[in-house]
Amino acid sequence: MPYVGLGVYKMTDREEALQAIAKALEIGYRAIDTAALYNNEVEVGEAIRHSGIKRDEIFVTTKVWNNDQGYDETLRAFETSLKKLGLDYIDLYLTHWPVEDKFVETYRAIERLYEEKLIRVPGVSNHHAHHLEKIFAKANVLPMVDQIELHPYLSQEELRAFCKEHDIAVTAWSPLGRGKVLKDETISKIASSVGKTAAQVILRWHYQNDVITIPKSVTLNRIEENMQIFDFELTSEQMTQIDRVNKNERVGQNPDTFHFDF
Ligand code: NAD
């Protein structure tokens with residue numbers, strides 16, 4: 001799974017989405033993160049086909065939305081996503097949020113899709129350790145990925161350690177804190193000292209922590225900027241300085257208090 005992919009949440013303008021995804025693929029992105037909720041699976045599939053890049057070179061993630069959860073419902077939602085994307089398999093399929101009383105069955109359906117080779121990697125999103133433990137008790141194939149909100153203001157050290165212990169790769173959603181962390185003073189200072197932008201420093205911090213990122217942008221130079229993080233290294237002191245800006249502050253919902261009833 002590539003370390004940097006393009007997140008496409010809120011890319012609902014068709015032309016804008018097609019253009020952003022095409023540009024990303026052209027400059028070397030090989031992973032796209034969408035979801036049934038984002039209402040752009042059709043555009044993601046179209047951009048992939050138009051890119052001329054071989055299907056097996058691109059890593060496509062999509063997710064089952066909350067009101068489609070449960071075993072049979074998830075299998076049906078998967079069929080719909082596959083059709084919209086116009087693909088014959090999906091690389092990574094995720095439970096979008098752990099809907100109470102349903103997420104274990106949802107994951108069991110994802111496990112079946114994996115066994116039937118319709119997905120390459122089974123995973124979850126927004127699962128805390130206690131959700132994962134409930135899945136461990138029922139699953140034969142454990143989730144290989146947990147996609148969680150993670151950025152310097154919400155460093156999730158405990159959950160990252162838990163995932164590492166169980167061989168679960170971590171993907172950071174809102175890796176830039178939805179733009180909020182870009183103005184952080186410590187990060188800005190490090191950025192000027194290494195001659196990179198704040199976004200690049202944050203994405204590099206994730207990378208050196210072995211975390212996959214899916215930054216979102218429709219701005220062409222930012223899409224390019226977010227991929228240029230492999231030509232410099234943060235010192236352990238700089239990594240520690242960034243670790244210390246953590247405030248346990250979310251830009252999104254906490255899975256434990258999220259209201260799923262809509
Ligand atoms: P993000 O941290 O990627 O921030 C996006 C914001 O930062 C946008 O306003 C963008 O214009 C700006 N930005 C991006 N690159 C920049 C740069 N180089 N310089 C300055 N500004 C820049 O936040 P996000 O969009 O919330 O998250 C990224 C992706 O994560 C989404 O697109 C989606 O795919 C995924 N996501 C998943 C979940 C989930 O529940 N699993 C929830 C939210 C988002």
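In listed order, ligands and their atoms are each counted from 1. Keep in mind that what you see is a predicted model, and the values were worked out from it rather than measured.
Of the listed options N226, T34, T95, N226 places a heavy atom closest to atom 15 (N) of ligand 1. Between the choices K180, Q147, R178, the shortest heavy-atom distance to atom 6 (C) of ligand 1 belongs to R178.
Ionic pairing of E46 and R14 is present here: one or more N-O contacts between side-chain nitrogen and carboxylate oxygen are shorter than 4.0 angstrom. Between K102 and E105 there is no salt bridge, since no side-chain N of the basic residue sits under 4.0 Å from a carboxylate O of the acidic one. Salt-bridge formation is detected for the pair K196/D231: a Lys NZ or Arg NE/NH1/NH2 atom is positioned less than 4.0 Å from an Asp or Glu carboxylate oxygen. Ion pairing of R55 with D88 is absent here, as no side-chain N (NZ or NE/NH1/NH2) approaches a carboxylate O to less than 4.0 Å.
Summary of contacts: the protein heavy atom closest to atom 32 (O) of ligand 1 is Y9 N, 3.0 Å. Scanning all protein heavy atoms for the shortest distance to atom 11 (O) of ligand 1 gives R222 NH1, 3.3 Å. In this structure, the protein non-hydrogen atom closest to atom 27 (O) of ligand 1 is S174 N, 3.1 Å. Remark: minimum distance from atom 12 (C) of ligand 1 to any protein heavy atom is reached at K216 O, 4.1 Å. Ranking protein heavy atoms by distance to atom 43 (C) of ligand 1, first place goes to W173 CE3, 3.1 Å. Scanning the protein heavy atoms around atom 40 (O) of ligand 1, the nearest turns out to be N126 ND2, 2.9 Å.
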Is there a salt bridge (Lys or Arg N to Asp or Glu O under 4.0 Å) between R112 and E116? Walk through the geometry before answering.
CA-CA 6 Å; R112 172 167 159 188; E116 290 180 353; 3.0 Å; yes
Determine, step by step, whether Y207 and E233 satisfy the side-chain contact (heavy atoms from CB on, under 4.5 Å) criterion, reporting the C-alpha distance in whole Å, the side-chain angles of both residues, the deciding distance to 0.1 Å, and the verdict.
CA-CA 10 Å; Y207 175 65; E233 197 167 347; over 6 Å; no
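Using a 4.0 Å threshold on non-hydrogen atoms, atom 3 (O) of ligand 1 counts as touching the protein.
Pairing each heavy atom of Y107 with each of V141, the nearest pair is OH-O, 2.7 Å.
Within the listing of ligand 1, atoms 28 (C), 29 (C), 30 (O), 35 (C) sit less than 4.0 angstrom from a heavy atom of I214. Near P215, with a cut-off below 4.0 Å to any heavy atom, the atoms of ligand 1 are 3 (O). Short contacts between ligand 1 and D33, defined as distances under 4.0 Å to a heavy atom of the residue, involve ligand atoms 33 (C), 34 (O), 35 (C). Each of the atoms 39 (C), 40 (O), 41 (N) of ligand 1 lies under 4.0 Å from some heavy atom of H96. Distances below 4.0 Å separate heavy atoms of A199 from the following atoms of ligand 1: 17 (C), 18 (N). Applying the 4.0 Å criterion to heavy atoms of G177 picks out, from ligand 1, the atoms 2 (O).
No side-chain donor-acceptor contact under 3.5 Å links Q253 and N126.
Residue L176 has at least one nitrogen or oxygen atom sitting less than 3.5 Å from a nitrogen or oxygen atom of ligand 1, judged on distance alone. The shortest N/O to N/O separation between K63 and ligand 1 does not fall below 3.5 Å.
Residue V251 does not touch ligand 1, judged by heavy-atom distances below 4.0 Å.
At least one cation-pi condition fails for K216 and Y9: the charged atom is not both under 6.0 angstrom from the six-membered ring centre and inside a 45 degree cone around its axis. Annotation: cation-pi pair R120/Y89 absent, no NZ/CZ under 6.0 Å from the ring centroid and within 45° of its normal.
Ring geometry for Y153 against H151 counts as perpendicular: the plane angle is over 60°, on a 0 to 90° scale with 30° as the lower cut. Classification of the W97-F258 ring pair by plane angle, with boundaries at 30° and 60°, yields parallel.
Within the 4.0 Å heavy-atom cutoff, P175 counts among the residues contacting ligand 1.
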